[in-house]
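Written out below as structure tokens is the structure these notes cover.
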Amino acid sequence: MDYWSKLYIPTLKETPAEAEIDSHKLLLRAGLVRKIGSGIYAFLPLGAKVLENVKRLCCEEMNRAGAMELLMPAVVPAEYWKAGPRWNAAREIMYQVASAGEKAEFPEEPTFVLGPTHEEIITPLIGGEATSYRDMGKTFYQVQTKFRNEIRPRYGLMRAREFIMKDGYSFDATDEEATATYQNIAKAYERFFARCGLKFISVEADTGVMGGAFSHEFMVPAEVGDDDVVYNIESGYAANVEKATSALVPADLEDAAAVGEIEKFETPGVKTIEKLAQEPFNIPADQQYKTLLFVGDDKLFAVVVRGCDQVEEAKLGSLGYSLIRPATVDEIFEAMGAYPGSLGAVKGTIKNREKLDGIFGDNAIRLIGNGVTGANEKAMHLKNVNVVRDLDIDRFGDFRKVQAGEPCPVSGKPLEIQRAIEVGHIFKLGTKYSENEEYGAQYVDKDGNRQAAVMGCYGIGISRTLQSIIEQKHDGNGIVWPWSVAPYQVIITVLDPGMEEADTLALKLGEAAEAAGASVLVDDREERPGVKFKDADLIGIPLRLTIGGRGLKNGEVEMKWRDRDEVQKVAIADAESVLVEGIKAKS
RNA sequence: CGGGGUGUAGCUUAGCCUGGUAGAGCGCCUGGUUUGGGACCAGGAGGUCGAAGGUUCGAAUCCUUUCACCCCGACCA
């Protein structure tokens with residue numbers, strides 16, 4: 001049982017100007033965190049308590065799933081990363097650590113880095129010693145501060161440069177066992193997020209730089225999220241927009257026959273899809289081919305989509321390049337002989353075709369059949385361009401961003417899109433990290449053959465989950481903590497501290513609540529009642545017990561749940577049993 | 001990295017255009033009156049106006065440089 005007057009809970013009446021979204025404002029106003037720098041936060045005592053609660057729930061569910069907690073270093077020798085498969089892609093987000101002291105050096109190549117994630121550490125750590133098939137079927141996890149040089153930290157703990165993460169890693173002997181482990185952890189994740197009181201959905205996700213066979217994200221629907229989730233409730237289909245597909249292009253679609261010879265026509269001043277869609281040309285965007293150039297691992301390539309579609313850059317990952325960026329205007333001109341706005345992929349019109357490592361066509365352009373595209377000449381376009389006959393496509397694939405209303409790939413019903421916060425992400429990695437002989441993780445199977453362990457990795461943003469709970473559980477008065485993570489579960493608001501009868505009753509009921517398993521905060525401050533009620537609401541304690549002189553005179557105390565409006569008056573004689581009953585119902 | 005914006009007391013901010021003793025509200029401290037949803041009165045503490053340089057008799061205010069932070073975009077495991 002803690003007494004407010006002995007604690008440090010600096011609540012704020014006014015919102016600091018730095019906070020934009022409700023959960024960030026409440027983190028600050030309720031005295032949970034304070035900013036130290038951009039994307040760098042300190043947890044104050046109350047915030048530390050919630051963090052600990054979220055962490056504990058996570059550990060409980062991981063343990064229940066059979067995983068083992070360990071702890072790896074945050075400062076990591078850079079060789080570990082250099083030996084791994086993604087040093088080039090990942091180094092930009094890693095903070096470097098120089099040697100220390102007066103003779104500190106800051107070499108071009110980092111000596112140490114601050115760990116942004118730990119595949120590169122655990123693979124040699126466990127893989128180097130786990131040498132028998134008997135050592136497989138193990139899952140490890142840790143809860144640790146992670147460091148990532150986010151280009152733009154945002155919204156308090158939502159996207160921070162230093163944050164608390166639970167990261168887990170599994171090693172299995174076979175692909176089937178690895179899939180079973182993956183599904184087992186996915187269930188643990190669902191239990192964890194449910195216990196946090198969150199509404200969430202799990203969606204198919206892009207594997208990104210992490211790589212691997214497949215992946216799911218755990219998403220908390222919220223307008224302030226950074227991701228778009230594509231879903232259909234009836235069919236249960238749900239995927240990150242980076243990964244989502246639709247049934248827009250029928251599987252049995254027959255390619256249109258050519259309708260006539262290609263015709264070049266003048267389009268003075270036309271550099272955009274919209275311009276071409278207007279008078280006097282009137283060519284709808286969905287009848288135009290849009291040609292975009294990218295650079296993948298220093299090689300130029302082109303992607304052709306419909307004029308009305310957007311390229312989903314995450315999907316370009318399937319092309320096999322490890323680093324992709326849009327091409328510059330100069331690079332485009334050198335290859336195509338034209339500038340953006342006049343580009344096209346028609347055979348024979350590209351000035352330096354050999355400079356293009358490939359031309360990739362989105363499946364949906366087949367819906368156009370015969371359409372219009374740039375002539376790779378200023379102010380000229382081509383019509384009657386037939387997909388099969390005329391376009392110089394090396395390979396078709398799914399490269400476009402799905403839009404709301406398109407048919408669900410499972411049910412054909414319209415897809416919906418919802419903003420969401422990514423709080424967890426799991427990957428079935430396969431053997432990407434384990435197959436390397438020197439660095440990786442191999443074991444010897446029953447038949448004496450050397451095999452690469454089949455790995456998985458599993459992340460939960462603990463501090464981000466904390467803020468997501470606030471984002472989803474708050475009202476105009478403050479936070480509404482779920483019982484499971486609340487910093488205190490019961491607050492006893494003593495309106496007349498110093499009145500012996502009130503203090504004695506508070507102590508008695510507080511002890512009873514603790515005996516029933518609840519954590520208790522007694523507000524014994526010399527403040528007016530209004531201040532205490534406002535503060536109790538702001539910091540979001542689930543159950544409030546009010547003891548005041550007026551009530552005592554009538555022989556009663558008040559009980560109020562933070563997430564309900566009604567106030568329950570309870571006779572002092574019954575108070576203990578009613579309180580304990582309420583606590584038992586929650587635990 | 002591109003675009004926009006802000007730095008004045010613990011928090012919210014006025015003053016800046018048009019240079020002339022740095023102001024208010026909240027919070028804090030003392031005393032008093034209050035006491036069931038962020039009380040009132042009186043008194044008080046707290047600021048090198050983000051930093052450096054310049055112009056000027058004089059700079060929070062004008063100029064230059066720089067740093068930090070916020071928002072949008074790009075990026076994002």
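By convention in this document, chain letters (A, B, ...) are assigned in the order of the sequence lines, proteins followed by strands, and residues within each chain are numbered from 1.
The residues A:Asp167 and A:Lys146 are annotated as salt-bridged, a charged nitrogen and a carboxylate oxygen being separated by less than 4.0 angstrom.
Between A:Phe360 and A:Phe301, the distance separating the two ring centers is shorter than 6.0 angstrom. Annotation: A:Tyr339 is in aromatic contact with A:Phe333 [ring centroid separation under 6.0 Å]. In summary, the aromatic rings of A:Tyr439 and A:Tyr433 are positioned with their centroids too far apart to meet the 6.0 Å limit. Outside the 6.0 Å centre-distance limit, the rings of A:Tyr321 and A:Phe294 are not counted as a close aromatic pair. Note: A:His216 and A:Phe218 fail the aromatic proximity criterion, with ring centroids not under 6.0 Å apart.
Residue-level contact check: A:Ala17 touches the backbone only, with heavy atoms under 4.0 Å from sugar-phosphate atoms and none from bases. Across all strands shown, A:Gly459 has no heavy atoms under 4.0 Å from either base or sugar-phosphate atoms. Among the protein residues, A:Asp537 comes within range of the nucleic acid bases, having at least one heavy atom under 4.0 Å from a base atom. Among the heavy atoms of the strands lying under 4.0 Å from A:Arg544 is at least one base atom, whether or not backbone atoms are also near.
For a distance-only test at 3.5 Å, the side chain of A:Arg152 fails to qualify as a donor-acceptor partner of the base of B:G3. Residue-to-nucleotide contacts include a donor-acceptor pair under 3.5 Å from the side chain of A:Arg29 to the base of B:G38. Applying the 3.5 Å distance criterion, the base of B:G38 shares a donor-acceptor pair with the side chain of A:Asp535.
Each of B:G38, B:C28, B:C75 was ranked by its minimum atom distance to the side chain of A:Glu313; first place goes to B:C75. In the set B:C76, B:G38, B:G36, the nucleotide with an atom closest to the side chain of A:Arg159 is B:C76. Which of B:C72, B:A77, B:G36 sits closest to the side chain of A:Pro529 comes down to B:G36. For A:Thr117, taking side-chain heavy atoms from C-beta onward, the closest of the listed nucleotides B:A39, B:C72, B:A77 is B:A77. The side chain of A:Arg86 sits closest to B:A77 out of B:G37, B:G38, B:A77. The side chain of A:Lys534 lies closest to B:G37, out of B:C11, B:G37, B:A39. For A:Glu150, counting side-chain heavy atoms from C-beta on, the closest listed nucleotide (B:C76, B:A77, B:G36) is B:C76. Each of B:G37, B:C71, B:A77 was ranked by its minimum atom distance to the side chain of A:Ala90; first place goes to B:A77. Of the candidate nucleotides B:G73, B:C28, B:C69, B:C69 has the atom lying nearest to any side-chain atom of A:Lys35. The listed nucleotides are B:G37, B:A77, B:A74; the one nearest the side chain of A:Pro116 is B:A77.
Base pairing analysis places B:C62 opposite B:G54; the two distances defining the Watson-Crick or G-U wobble pair are each below 3.5 Å. Applying the Watson-Crick and G-U wobble criteria (two distances, each under 3.5 Å), B:C26 pairs with B:G10.
When the C1' atom is compared between B:C62 and B:C71, the two are found 28 Å apart, to the nearest whole Å. The gap from the P atom of B:A68 to that of B:C28 amounts to 34 Å, rounded to the nearest Å. To the nearest whole angstrom, the two P atoms, one in B:U61 and one in B:G50, are 8 Å apart. When the C1' atom is compared between B:U56 and B:U13, the two are found 29 Å apart, to the nearest whole Å. Only the C1' atoms considered, B:A52 is 24 Å distant from B:G15, to the nearest whole Å. On the P atoms, B:G10 is 8 Å away from B:U48, given to the nearest whole Å. Remark: the separation of the C1' atoms in B:A42 and B:G58 is 38 Å, to the nearest Å.
Taking 4.0 angstrom as the limit, A:Arg550 places none of its side-chain polar atoms (N or O) nearer than this to OP1 or OP2 of B:U35. At the phosphate of B:C70, OP1 or OP2 sits under 4.0 Å from a side-chain N or O atom of A:Ser38. Taking side-chain N and O atoms only, A:Arg528 has no distance below 4.0 Å to OP1 or OP2 of B:G36. Taking only side-chain nitrogens and oxygens, A:Tyr433 never comes nearer than 4.0 Å to OP1 or OP2 of B:A77.
Following rounding to the nearest Å, A:Ile40 (CD1) and B:C70 (C1') show an atom-to-atom distance of 15 Å.
The CG atom of A:Leu27 sits 6.5 Å away from atom CD1 of A:Ile479, with the distance rounded to the nearest 0.5 Å.
Below 30°, between 30° and 60°, or above 60°: for A:His24 and A:Tyr41 the angle between ring planes is above 60°, a perpendicular geometry.
Proximity of A:Val494 to A:Ile492: side-chain heavy atoms (C-beta onward) are separated by under 4.5 Å at one or more points.
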Expected rows: protein N/O vs nucleotides 24-26 of chain B N/O, under 3.5 Å:
{"unit_1": "B:G25", "atom_1": "N2", "unit_2": "A:Glu14", "atom_2": "OE1", "d": "2.8"}
{"unit_1": "B:C26", "atom_1": "O3'", "unit_2": "A:Lys13", "atom_2": "NZ", "d": "3.3"}

